[in-house]
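Data block below; observations after.
The shown structure was predicted, so the numbers you read here are calculated from the model rather than taken from an experiment. Throughout, a chain's letter reflects where its sequence line sits, starting with A, and its residues are numbered from 1.
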Amino acid sequence: MSRRAQGNRTPTIPDVAALAGVSSATAARALGGYGSVSATARAKVTAAAEDLGYRVNGVARSMITGRTMTFGVVVGDIENDFFSRVVRGFSDVARVAGFATIVASTDERLDNERSAVRVFSERRVDGLLVAPASMVDGRHLREARDAGAAVVLIDRKIHRVGLDTVLIDSVTAARSAVEHLTVQGHERIGLITGVGAGEGPPGGEAAVSTSADRLAGYREALEAAGLSYDPTLVRPGDFHLDAARSRAADLLSSPERPTAVFATDGVLTLGALLAIRDVGLRCPEDVSLVGFDDPAWASVVRPRVSVMAQPVHELGAVAARRLLARVAGDASRVRAPVKLSATWVPRDSVAAPSQAVGARGTRDQRRVGADS
Amino acid sequence: MTAAGKANGGPVTLTQVAASAGVSTATAARALGGYGSVRPVTRDLVREAAARLGYRANGLARSMITGSTRTIGVVVSDIENAFFSRALRGVSGVARRHGYEVVLVNTDEDAEAERTAVRVLMERRVDGLVVSPGPSAGAGHLHAVRRSGTPLVLLDRRIAGLAADSVGIDNHEAACTATDHLLALGHRRIALVTGSPPGTAAILKSRPGLRGIEKIVGATVGLRAAGYRDALVAQGVDPDLRFVTGEGFHLHEAAAATRQLMALPEPPTAIIALDSVLSLGVLQALDDMQVPSPQTVSVIGFDDADWAEAVSPALTVIAQPAHEIGETAGELLISRIAGSRRRPVHRQLPTTFVGRASTGPAPSGEFAAVR
């Protein structure tokens with residue numbers, strides 16, 4: 001299959017040594033970067049290696065040094081602004097410490113996640129940063145750790161998995177986001193959220209903890225405002241833009257449509273914003289919108305979207321420092337997840353509900369409130 | 001599965017490895033087992049012999065024995081850019097269909113990071129590489145990939161003298177199309193936000209009339225700047241170097257470049273931004289300065305990001321078929337991994353002009369003044 005396997009066309013240390021006119025031992029020392037080699041010999045070996053296209057075998061070298069100086073990152077969707085910024089925060093810290101970062105994107109599928117973790121683990125990455133696609137199945141991650149890689153979870157947790165975890169407090173953040181709607185008098189608040197790609201083999205459909213937590217926060221906010229939970233207003237699905245857009249359009253086309261929408265990540269927020277226009281409604285006059293995450297476009301669209309912003313760069317950086325500590329030999333017990341806080345960024349997409357749709361009581365209440 | 005292993009009709013033995021490395025069997029066992037005392041030099045020689053002969057010591061050694069890791073490495077300069085994220089999805093889809101994993105390294109347009117990324121992926125023994133070369137990393141690391149025999153496909157750019165397949169668009173023509181659109185609307189003071197680092201921008205601006213720029217500035221920037229130049233010259237407009245900016249590829253840097261452009265005594269009436277992140281930076285700066293678009297300044301971007309129709313004004317763009325470019329790169333790479341030895345191919349896929357609200361007629365006073 002590969003040309004390397006056929007007739008030894010891949011240059012070897014003795015080939016390099018012969019061309020450089022040094023012994024194999026000297027060539028090996030020069031290429032491996034250990035032991036004592038004269039500057040002249042090193043230069044000859046380097047030149048010969050380059051001429052021949054000799055490749056240091058990282059797998060072999062890692063068996064010697066025990067380190068590959070590489071971290072593997074496994075996320076649901078690297079296209080998602082949230083993940084690309086978290087990875088940037090992570091790799092900035094890792095790079096300073098001398099570690100390269102390699103990323104795999106799983107399309108939120110547990111089977112893809114398992115195989116990415118296996119590939120990274122076989123290739124002996126020193127550490128793994130994973131945003132798990134499932135909040136219940138973490139066996140492959142524990143196995144990777146038991147095989148020698150440090151593992152830190154980012155953004156999402158797995159029940160009773162016993163791995164370091166760095167995330168935001170999603171319940172509190174979602175509750176606070178929705179309270180910015182209830183306080184304006186909204187009573188019918190739609191939820192556009194994600195559950196995973198929902199395709200693939202059995203077990204591939206898996207809920208992620210952020211979605212579960214943000215749903216819990218949404219329900220807490222409703223309860224605190226004395227509103228009942230209406231499951232017909234909750235539209236879970238995958239995390240892709242087009243699907244989110246049609247879920248939101250469907251929700252907003254229903255006779256008992258909500259007067260406000262809360263979307264639980266940046267892509268879903270864009271889907272909801274486009275859907276409001278698709279069905280011919282105005283934001284915030286007809287429908288208020290609260291988003292999650294703060295992608296760069298959120299302040300350039302009209303209306304500018306009010307969002308609950310995560311400290312994306314810091315999430316990645318904190319996770320990198322945890323992973324570096326583990327790689328350096330920190331064997332302390334895994335503690336409770338590190339929880340960072342989200343920040344409310346008020347812009348122009350939230351207003352009190354209009355009188356036009358199913359919110360008469362709210363409007364009256366608001367008047368009372370305004371008069372008192 | 002190696003030639004040696006096959007020839008013997010059975011698994012390679014430790015004794016054969018030891019003989020090939022010129023050491024005792026006990027030493028070979030220690031070297032491969034990772035226990036006891038073995039000099040590093042001996043260890044390397046034994047392990048290399050094991051790899052060469054196809055000795056299966058354990059799972060870890062397997063990848064270096066079979067030579068196949070069923071993994072493709074992708075190196076891009078900025079994953080937040082809509083072009084690269086969609087191209088990556090295209091590559092990944094094709095790779096998965098053929099049973100390959102994709103691993104990605106994002107270089108943030110840093111030359112050293114790009115060289116490191118290629119080295120790290122080569123050391124991890126990927127079966128093939130898709131690389132979007134940055135403007136300043138040079139080609140030495142890519143020539144090294146070719147010499148190693150590892151299949152390589154370039155995304156977005158081809159490199160003269162490098163025998164590797166490439167997939168992209170006709171950058172010169174795409175920039176001509178964008179510039180022609182603005183010229184037809186009466187614009188004459190048209191700025192170019194290149195996203196180049198200041199050093200590259202200084203080179204661009206060192207060439208009167210941007211002459212010969214495509215020969216000295218690499219990546220897509222040189223070709224797009226040349227397309228911009230040729231479209232202007234064809235309409236009798238001298239390229240004004242004050243209108244050519246390069247503050248860096250980040251959004252805030254494009255915003256800063258825009259503020260500088262608008263602070264000129266005679267600011268531009270139109271801006272071309274060479275990727276989606278830059279476009280958003282331009283729009284954000286105009287919005288902050290309360291400069292109405294397209295009434296005062298028209299904006300045209302490259303790459304049709306998801307948000308392009310949601311921003312205000314909705315953004316006119318030159319759309320690249322990014323997903324298809326990624327798929328094509330993936331297919332070329334898979335065919336090379338499967339052993340195709342045809343001459344390198346350079347595929348150019350067509351772009352699409354998507355007219356939206358951010359481009360309009362040049363302000364009437366300006367148009368009169370030009371006449």
Which region of Arg96(B), side chain (C-beta onward) or backbone (N, CA, C, O), has a non-hydrogen atom less than 4.5 Å from a non-hydrogen atom of chain A, or is it both or neither? side chain
Chain B contact via Ala100(A) - side chain, backbone, both or neither, heavy atoms under 4.5 Å: side chain
Quick check: are there more than 12 heavy atoms from other residues, nucleotides or ligands sitting under 6.0 Å from CZ of Arg39(B)? no
Using non-hydrogen atoms and a 4.5 Å limit, figure out which bit of Ile78(A) sits close to chain B: side chain, backbone, both or neither. both
Is the shortest side-chain N to carboxylate O distance from Arg277(A) to Glu309(B) below 4.0 Å? no
Val300(A) versus chain B, the contacting section by heavy-atom distance below 4.5 Å: both
For Arg302(A) and Ser312(B), the nearest pair of non-hydrogen atoms, with its separation, is CG-CB, 3.1 Å
Ranking Thr101(A), Asn112(A), Thr26(A), Asp81(A) by heavy-atom pairs under 4.5 Å to chain B gives rank one to Asn112(A)
Pick one of side chain, backbone, both or neither for Ser91(A), based on which atoms fall under 4.5 Å of a heavy atom in chain B. neither
Before you tell me yes or no, could you show the steps for Asp77(A) and Arg89(B) under side-chain contact (heavy atoms from CB on, under 4.5 Å), namely the whole-Å CA-CA distance, both residues' side-chain angles and the distance that decides it to 0.1 Å? CA-CA 9 Å; Asp77(A) 180 11; Arg89(B) 187 173 282 272; 3.4 Å; yes
Region of Thr106(A) in contact with chain B, defined by heavy-atom distances below 4.5 Å: backbone
Distance from Ser299(A) atom OG to Asp288(B) atom CG, nearest 0.5 Å? 7.5 Å
When the 4.5 angstrom heavy-atom criterion is applied to Arg118(A) and chain B, the contacting part is neither
Any carboxylate oxygen within less than 4.0 angstrom of a Lys/Arg side-chain nitrogen, looking at Asp287(B) and Arg304(A)? yes
Taking every heavy-atom pair that is under 4.5 Å apart, which of Leu273(A), Leu270(A), Val125(A) has the most such pairs with chain B? Leu270(A)
CZ of Phe120(A) to OG1 of Thr71(B): how many Å apart, nearest 0.5 Å? 8.5 Å
Evaluation steps, side-chain contact (heavy atoms from CB on, under 4.5 Å), between Ser24(A) and Leu45(B): CA-CA 8 Å; Ser24(A) 290; Leu45(B) 290 170; 4.0 Å; yes
Answer whether the closest heavy-atom distance between the side chains of Glu80(B) and Val87(A) falls below 4.5 Å. no
Cut-off 4.5 Å, heavy atoms of chain A, and the answer for Val103(B) is both
Interchain contact, Thr70(A) with chain B, by part (heavy-atom threshold 4.5 Å): side chain
So if I apply the side-chain contact (heavy atoms from CB on, under 4.5 Å) rule between Asp306(B) and each of Val267(A), Leu241(A), Asp242(A), Leu274(A), which one comes out positive? Leu241(A)
Is it the case that the side chain of Glu48(B) and the backbone of Ile13(A) share a donor-acceptor pair, with hydrogens and angles ignored and the cut-off at 3.5 Å? yes
Select one option (side chain, backbone, both, neither) describing which atoms of Leu286(B) are under 4.5 Å from chain A's heavy atoms. neither
I'd like to verify something: which residue of Asp108(B), Asn106(B), Val102(B) has the highest number of heavy-atom pairs under 4.5 Å with chain A? Asp108(B)
Asn80(A) versus chain B, heavy atoms under 4.5 Å apart: side chain, backbone, both or neither? neither
Taking side chain as everything from C-beta outward and backbone as N, CA, C, O, which of these in Gln284(B) sits under 4.5 Å from a heavy atom of chain A? Side chain, backbone, both or neither. both
